[in-house]
Amino acid sequence: MKPFELVLVGFGHVAQRFVTLLEELREPLARDYGVTTRITGIATRRHGRAYGARGLDAVSLAEGVRHGEAVGRAGDGSSSDFIRQIAAKSAAAEESRLVVVETTTLEIGDGQPAIDHVQTSLACGAHVVTANKGPAAFAYRALAAAAVRAERRFLFEGAVMDGIPIFNLVRETLPAVTPIGFRGVVNSTTNYMLTAMEAGQSFGDALAEMQAMGVAEADASLDVDGWDAAAKTAALANVLLGASLTPHTIEREGITPATGLRAVAARKMGRRLKLVARAGREGDRITARVGPEELAEDDLLAGLEGQQNAVVFHTELLGEIAVVQRGAGLTQTAYALVADLVTIGREVTAAERSARRARPPARPGRSRGGCGRR
Ligand SMILES: NC(=O)c1ccc[n+]([C@@H]2O[C@H](COP(=O)([O-])OP(=O)(O)OC[C@H]3O[C@@H](n4cnc5c(N)ncnc54)[C@H](OP(=O)(O)O)[C@@H]3O)[C@@H](O)[C@H]2O)c1
């Protein structure tokens, strides 16, 4: 059982939990899915880079980063250059066993440099799994096409609703069902804050709690101004409704201390105020919006407490389908990365099996022309 080589681009809260979860799940992943892994590269922005062809002790490096240490020396060039260098050194890319795990910070201006990281990885023969919403929110069509061309996977299940298989639910398990729209509560930080403010906590204290738990984005305005929800809405609409939205083309209103007062007033009237994300078809256009909405108490979204999330899909064939996440957090997001890795593992194993059965003549290695430095 040959291991998958992993390159971690970004080594913050999510990636650190990912490496410990991989350790915790080592046995079932190997036994049940034939997936074993070796982490050969880690790139960060300010905590240096590390490379080890035989595998890095990523759990110890994560412990070090939590104590303010670097993973290695600062490298030359960008993280995309780092991906290219590793892909060039390793046979794993040719063997379809190189996976880049992209967990850098969401850059709400244009989704970069995460989009470059994904493009470079695919061009170099690596699969990509990411929890970053940027690539699917800003460049889904181009990246999906690049993945098809490269015969590699670009998976991002953790980008929306953490460990809940929301993209896979629709894409893999509902054949011939076309979603015509959705509405949901997709940002844990603001739902926690609205629930806490209803109970009398201040805006600042509720936000500080989410930051201390590593759930709020590094830049909290991404959560409270509705950008994170807008990025998720764009990703869902682009992937599931065939839209070409970006977070900037979505009508958006976030939450403020005044929204907390509205939430208290709504509660007194038997209603709940929630930050609702919605998208749907209007003629041949897809429109989307994120903003606080007052909901009747018996609305499924109104019942979401704390960090809970939910999305209700509207479909022609099956009517409404709802997915609810009651427990959200780093483990759930890290799990989504593991689940995407298992998807890749299953496909690679199946392809290797059928290649063995067919015994094709030896072919020269695939040209990865786009992998070189641009
Ligand atoms: N936290 C959650 O619960 C959650 C849930 C779902 C999705 N996500 C998404 O997952 C991603 C990671 O979240 P997180 O909480 O782990 O963030 P985080 O703790 O802020 O970590 C981000 C990591 O990315 C690194 N980084 C930034 N720019 C980079 C670059 N150009 N090249 C290489 N590394 C770079 C940072 O390095 P330095 O530390 O050295 O700057 C850090 O290691 C984000 O996109 C987030 O939106 C997070």
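Numbering of ligands and ligand atoms starts at 1, following listing order.
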Inventory of protein N or O atoms under 3.5 Å from ligand 1 N or O:
from     : atom 1 : to     : atom 2 : distance (Å)
ligand 1 : 1 (N)  : Gly214 : O      : 3.2
ligand 1 : 16 (O) : His13  : N      : 3.1
ligand 1 : 16 (O) : Val14  : N      : 2.8
ligand 1 : 19 (O) : His13  : N      : 3.0
ligand 1 : 19 (O) : His13  : ND1    : 2.7
ligand 1 : 32 (N) : Ser79  : OG     : 2.6
ligand 1 : 34 (N) : Arg45  : N      : 3.4
ligand 1 : 37 (O) : Arg45  : N      : 3.1
ligand 1 : 39 (O) : His47  : ND1    : 3.2
ligand 1 : 40 (O) : Arg45  : N      : 3.3
ligand 1 : 40 (O) : Arg46  : N      : 2.6
ligand 1 : 40 (O) : His47  : N      : 3.1
ligand 1 : 40 (O) : His47  : ND1    : 2.7
ligand 1 : 41 (O) : Arg45  : NE     : 3.0
ligand 1 : 41 (O) : Arg45  : NH2    : 3.2
ligand 1 : 41 (O) : Arg46  : NE     : 2.8
ligand 1 : 41 (O) : Arg46  : NH2    : 3.0
ligand 1 : 43 (O) : Phe11  : N      : 2.8
ligand 1 : 43 (O) : Gly12  : N      : 3.2
ligand 1 : 45 (O) : Thr104 : O      : 2.7
ligand 1 : 45 (O) : Leu106 : N      : 3.4
ligand 1 : 47 (O) : Lys133 : NZ     : 3.0
ligand 1 : 47 (O) : Glu217 : OE1    : 3.3
ligand 1 : 47 (O) : Glu217 : OE2    : 2.7

Angle between ring planes, Phe156 versus Tyr140, binned at 30° and 60°: parallel, tilted or perpendicular?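 The rings of Phe156 and Tyr140 stand perpendicular, inter-plane angle above 60°.
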Testing Lys274, Gln307, Glu305 for side-chain hydrogen bond (donor to acceptor under 3.5 Å, both in side chains) with Asn191, which one passes?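 The residue from Lys274, Gln307, Glu305 that satisfies side-chain hydrogen bond (donor to acceptor under 3.5 Å, both in side chains) with Asn191 turns out to be Lys274.
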Less than 3.5 Å apart, any donor N or O on the side chain of Glu107 or Thr105 sitting next to an acceptor on the other?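 Note: Glu107 and Thr105 side chains miss the donor-acceptor criterion.
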Donor + acceptor pair across side chains of Arg17, Thr20 (<3.5 Å):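 Side-chain D/A pair, Arg17 to Thr20: present.
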Test item: Glu5 side-chain N/O and Val7 main-chain N/O as donor-acceptor pair under 3.5 Å: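 Judged by distance alone, no pair lies under 3.5 Å.
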Of Glu293, Glu294, Glu198, Glu297, which meets salt bridge (Lys or Arg N to Asp or Glu O under 4.0 Å) against Arg271?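 The option that passes is Glu294.
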